[in-house]
Protein chains: 2
Amino acid sequence: MAQKETVERILDAAEVLFAERGFAETSLRTITSAAGVNLAAVNYHFGSKKSLIQAVFVRFLDPLVDEIERQLNQLQAEKERLTVEDLLQVLTSSVYEIHGRGSNRATSFMRLLGLAYTQSQAHLRKFIGERYGNAFQHYASHLKPALPGATAADLFWHTHFALGTAIFTMSNFDALRAMSENDTGERTPVDFIVSRLTAFMAAGLHNAAHE
Amino acid sequence: MAQKETVERILDAAEVLFAERGFAETSLRTITSAAGVNLAAVNYHFGSKKSLIQAVFVRFLDPLVDEIERQLNQLQAEKERLTVEDLLQVLTSSVYEIHGRGSNRATSFMRLLGLAYTQSQAHLRKFIGERYGNAFQHYASHLKPALPGATAADLFWHTHFALGTAIFTMSNFDALRAMSENDTGERTPVDFIVSRLTAFMAAGLHNAAHE
DNA sequence: GTAAGTTTCAAACGGGCGTTTAGCAGGAAA
DNA sequence: TTTCCTGCTAAACGCCCGTTTGAAACTTAC
């Protein structure tokens, strides 16, 4: 009992702090003191800082990937060919399904996903690739029929352009929203941003097919 | 003479190493030993590691921003209203103008720009904002007439979506190209990627105007 | 109640970091 | 020749890091 509590307190604190400052910039001492546990607890329960980072992602990605898979299968049972808009919708509604609409946890997670790409944590990218590579391939395989006429190179690059748009927006979410608040004078609702973002990605992706 | 040589050797080494590994992950000892100068030289010539990071950006951004401004003015003399495609073209041709097409230096710089956004270097973002904020505003001011019908919020978000697409692609340039080589079996030319990227961004941006 | 097994804890270890210091080399000015 | 200044350098300083250790505290089982 006491163990589980400690493990989860560490994961909770690490998730928030990593998202705020990045991995290298967050020390184990910061995490453990925020979690109210002893410094040595991380190495006792997780083995190392690297393993802790991976554990944070597993706790988040495992249920999300399952949900995406579930929605994908359900949608495929209804219609044979999925559109780009369908595929993007699966992503956003999966995140919404697992955590509330625009919850703090969801934005934390978005930041973390962005950091996984941009920070120099080779072990993490390798780990994520091995654990979730198949799920990603499965999702991406639906894009090919959704964008007839696109070559393999087109598909690859446009997928990653879209991915980049999303990840950049995610990982700078708070900063961007603050800037736009200064700019336009009002706070943009999350739903507005998400719908704009998916529309932007869809437009770019469609561009891959008819050229 | 000896001074100038030392300063530039440090900048050269720092530029490459920062781009490869990030700022926090590159120690002054690594930089100075790669540059063949004494460890203390960085603090003697630049004052601190932070100032060195800023100096790397100044050496790169100052001439680039001048070139963008020049091309923008020249284009504006030819036609009164610039299109989205014009504006994107100015960016790519400015980079090409200052450094060769697809030179190592240009890809280093792209990585650095990405890192400036994604790594936690508050001092750097502040510095860049203060030094180049006006130039950015000037450039962005041309977007409004190029996208009639878009609201201020539309403009803000779609500009940053496009920025995100470019920065993500830039900062993961080598990794993405290696992945696509494994994927499709052949090495994608830089020109292909750049033209695809700008087409993706243009499609997304136009989407802001007619909705 | 005692033994075995887990979990927690204070303390320390070794190492890498950015920065500082005090002094050296060598050309310019007097 | 002496003085001054700039560029350079070896060495050290203090700090924070992830990790390890050995013992204390607690839980479980007999």
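Computed over heavy atoms, backbone and side chain alike; hydrogens, waters and symmetry mates excluded. A note on names: the letters A, B, ... follow the listed sequences, proteins ahead of strands, and every chain is numbered from 1. Bear in mind that the values here come from a model prediction, so they are computed numbers and not experimental data.
When distances are taken from the side chain of A:Y44 to each of C:dG18, D:dG7, C:dT7, the shortest belongs to C:dT7. Taking only side-chain atoms of B:H45, from C-beta outward, the nucleotide of D:dC8, C:dG18, D:dT19 with the closest atom is D:dC8.
By the side chain to side chain contact (heavy atoms under 4.5 Å, CB included) test, B:A55 pairs with B:L11, B:F46, sequence neighbours left out. Listed by chain and residue number, A:K79, A:T83 satisfy the side-chain hydrogen bond (donor to acceptor under 3.5 Å, both in side chains) test with A:D86 (two or more places apart in sequence, or in another chain). Applying the salt bridge (charged side-chain N to carboxylate O under 4.0 Å, His left out) rule to A:R105 yields the partners A:E15; only residues at least two apart in sequence or on another chain are considered. With sequence neighbours excluded, the residues satisfying ring-ring contact (aromatic ring centres under 6.0 Å, His included) with A:F109 are A:F60. Shown here are the salt bridge (charged side-chain N to carboxylate O under 4.0 Å, His left out) partners of B:E67, two or more places apart in sequence or in another chain: B:R70. Residues forming a salt bridge (charged side-chain N to carboxylate O under 4.0 Å, His left out) with A:R21 (at least two apart in sequence, or on another chain): none. Scanning for side-chain hydrogen bond (donor to acceptor under 3.5 Å, both in side chains) contacts around B:N43 gives an empty result, with sequence neighbours left out. For B:K126, the salt bridge (charged side-chain N to carboxylate O under 4.0 Å, His left out) partners two or more places apart in sequence, or in a different chain, are B:E130.
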Using atom names, set out every protein N or O paired with an N or O of nucleotides 25-27 of chain D below 3.5 Å, distance rounded to 0.1 Å.
none

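Whole-Å rounding puts the A:K49 NZ to D:dC17 P distance at 8 Å. The distance between atom CZ of B:F23 and atom P of C:dC17, rounded to the nearest whole Å, is 17 Å. What separates CZ of A:R21 from P of D:dC16 is a distance of 14 Å, to the nearest Å. Straight-line distance from the CZ atom of A:R9 to the P atom of C:dT8: 10 Å, rounded to whole Å.
Within the structure, salt bridge (charged side-chain N to carboxylate O under 4.0 Å, His left out) pairs that include any residue of residues 24-36 of chain A do not occur (at least two apart or interchain).
Contact between the side-chain N/O atoms of A:T6 and the OP1/OP2 oxygens of C:dT8 is found at a separation under 4.0 Å.
Scanning residues 10-18 of chain A for heavy-atom distances under 4.0 Å to DNA chain D yields an empty list. Annotation: proximity of residues 24-43 of chain B to DNA chain C (heavy atom, distance under 4.0 Å) is found for B:T26, B:S27, B:L28, B:R29, B:L39, B:A40, B:N43, numbered in ascending order.
Between B:Y117 and A:F168, the distance from one ring center to the other falls under 6.0 angstrom.
Here the straight-line distance linking atom NE2 of A:H123 with atom NZ of A:K49 works out to 9.0 Å at 0.5 Å rounding.
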